[in-house]
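Everything on this sheet refers to the single structure shown next.
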Amino acid sequence: MAKIVIANDHGAIELAQVFVEYLTKMGYEVNHLGVVSHDSVDYPDMAKLACEEYKKGGYEFGIVCCGTGIGISISANKIQGIRCALPQNAYASSMARKHNNANFIAFGGRINYQEDPCTILDAFMDSEFEGDRHQRRIDKMMALEVGC
Ligand code: RB5
C-alpha cells in the first residue's frame, strides 16, 4: 500500500484531517505525525518530524501544513533532500511534480484557496516528473544545499 506522511501545526488541524481522511479513503496508508489539539506548537518541529520520517524511506511523498504553509515549507526546504512546494492552485501543484520533482507539498490551513485543497493535492499526485532538462535544474538546485 502506498504510504504518505503528513504533519501539521495548530494552524492547520482541520485541513490536515481533511487530507488524512481523503487519502485514507483513496486507499493510502497515511502516517499522521501532526497535532490534533489547538495548543500552540512550532512549525519547524513539525516539518522536521515529517521530513525525517519521509527520509527513512517507503513514502511516496509528504505533506506539511501550517497556518499559511509558508513557515513549514521553508523549514522543510532546510532539510537535506527535501523539495517542498507551496502551490497556490492545481496548475502550480502539477508543475511542482513535473518540473521541480517536489517530494513534499505544503498547504495553509488559514488560506482561502480558490480551488478545493484536495483538488490541488490530486493534481500533485496525478503528475510525474518529466526529467530531461528539468533534471539538470534539479541537480543545480540540490547542489545549492552544499554551498555555492
Ligand atoms: C502559527 O500561528 C503560524 O505562524 C504558523 O502556523 C504558520 O502560519 C507560519 O508560517
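For the numbers below, each heavy atom of this structure counts, side chains included, while hydrogens, waters and symmetry mates do not. In each ligand, atom 1 is the first atom listed, and ligand 1 is the first ligand listed.
Of the protein's non-hydrogen atoms, the one nearest atom 8 (O) of ligand 1 is T68 N, 3.0 Å. Of all protein heavy atoms, the one closest to atom 3 (C) of ligand 1 is R110 NH1, 3.9 Å. From the protein, the heavy atom lying nearest to atom 7 (C) of ligand 1 is C66 SG, 3.3 Å. Summary of contacts: the protein heavy atom closest to atom 5 (C) of ligand 1 is D9 OD2, 3.3 Å.
Close contacts of ligand 1 with G67, meaning ligand atoms under 4.0 Å from a residue heavy atom, involve 5 (C), 6 (O), 7 (C), 8 (O). The distance from ligand 1 to the heavy atoms of G71 drops below 4.0 Å at these ligand atoms: 9 (C), 10 (O). Here is the list of ligand 1 atoms found below 4.0 Å of a heavy atom in H10: 1 (C), 2 (O).
Not one N or O of Y43 is nearer than 3.5 Å to an N or O of ligand 1, by distance alone.
In this structure, T68 and Y43 have side chains that are not in contact, with every pair of non-hydrogen atoms separated by 4.5 Å or more. Side-chain contact between K55 and I82: present, with at least one pair of heavy atoms (C-beta onward) separated by less than 4.5 Å. Taking the side chain as every heavy atom from C-beta outward, V30 and Y22 never approach each other to under 4.5 Å.
Within a 6.0 Å radius of NZ in K3, more than 12 heavy atoms belonging to other residues, nucleotides or ligands are found.
A distance of 11.0 Å separates CZ of F19 from NE2 of H32, quoted to the nearest 0.5 Å.
The shortest heavy-atom contact between I105 and S93 is CD1-OG, 3.6 Å.
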